[in-house]
Amino acid sequence: MIQKNPFKQAMVNTLQKPEFEELRPGIKVPAKETILTPRFYTTDFEAMAKMDISVNEEELQAILEEFRTDYNRHHFIRREEFAQTWDHIDGDTRRLFVEFLERSCTAEFSGFLLYKELGRRLKDKSPVLAECFTLMSRDEARHAGFLNKALSDFNMSLDLGFLTKSRSYTFFQPKFIFYATYLSEKIGYWRYITIYRHLEQHPEDRIYPIFNFFENWCQDENRHGDFFDAIMKATPDILNDWKARLWCRFFLLSVFATMYLNDIQRSDFYASIGLDARDYDKYVIEKTNETAGRVFPIVLDVDNPEFYDSLEVCVKNNEKLREIDASNSPTPVKFLRKLPAFISNGVQFLKLYFMKPIRVDHLEGTVR
Ligand SMILES: [Fe+2]
Ligand SMILES: [Fe+2]
């Protein structure tokens, strides 16, 4: 029997629309910072300003010209495809959608803040780099703004000013900023383009129009990645020695492992757009690893079956950790119960770190 009781109807709607904690009405409390959430960075601006980039000045100039062209000036415009309600995306899918948009918006915004500050601080001392950073911050502001607008389709948004003040910032030396941002731009490129191409093949899975924007959008990320590639090539010391090989290994592994754990935990989101999270991540990792080989002296041996075996152990550990977190035990008890999973994660990370990487620096100058 179909009940037309409005009270009951309201109850069903509340159930179907997951509740989020709010700072103010409609403004979402940002997700708790954990080791797996997008990070905010700061760096040694003086050291960055003093960098001599003259060996690769020509390439950097060419990239600056591309940034000035501003190919996506008219791309991020919300047209009629957004003008409808999205209440049919409900329940868990809705929660996962909001989470995906929030994570992406936070990551884009973190890029905006860092690039904006670099543009400002380098302005008088290193004008080419400064302008590149400023123009990249323009792109990231668009990306973050577009994602935040998308959140408002789900009656939520982020207070980016609040985020700026409330988040903690990780300090990295310039070279670590380069490794980390290079990888996050390139992995961002592969993530967006892979979703876009999948939906091109499967229009039935296009449940929300933001994905239609990913093709041009990811070209911004690709250009940003190329900029960091060019900077690293301008300062070859940060690529050439044994320390560089160890650090590149560390950053590749951290970026891949973080993405894998995050995405597998949210497999249902990927399933809602017709993607298998594991297949998607393995493809993105393979492509990003391959791309990184154009500048990094090593890449990871991601074809070695042990690579994903270890990551799967971490996936299991994380499931346990979340279960314990959700339980009612007092904090010290929770900690003790979590300890074995923490230790196991550490062991797997070391195992992964010490897996023999693939040297590619001898290929310098050849087409890869
Ligand atoms: Fe971006
Ligand atoms: Fe970017």
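We count ligands from 1, going down the list as the structure has it; atoms in each ligand are counted the same way. Keep in mind it's a predicted model, so treat the numbers as computed, not measured.
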Pairs satisfying ring pair (Phe, Tyr, Trp, His ring centres under 6.0 Å), at least one member in residues 313-355, at least two apart = none
Count, excluding waters, the protein N, O or S atoms that are closer to the Fe ion (ligand 2) than 2.8 Å.
-> 5
Tyr169 ring center near Tyr41 ring center (under 6.0 Å) |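 For Tyr169 and Tyr41, the ring centres are not under 6.0 Å apart.
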Mind checking whether Phe67 and Phe133 have ring centres under 6.0 Å apart?
->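 Phe67 vs Phe133: aromatic centres not under 6.0 Å.
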Output, in order, the C-alpha distance, side-chain angles, deciding distance and verdict of side-chain contact (heavy atoms from CB on, under 4.5 Å) for Glu117 and Phe45.
-> CA-CA 9 Å; Glu117 192 59 11; Phe45 297 102; 3.4 Å; yes
Across all chains, not counting sequence neighbours, the salt bridge (Lys or Arg N to Asp or Glu O under 4.0 Å) partners of Glu131 are Arg68
Residues passing the side chain to side chain contact (heavy atoms under 4.5 Å, CB included) test with Thr134, sequence neighbours excluded, are none
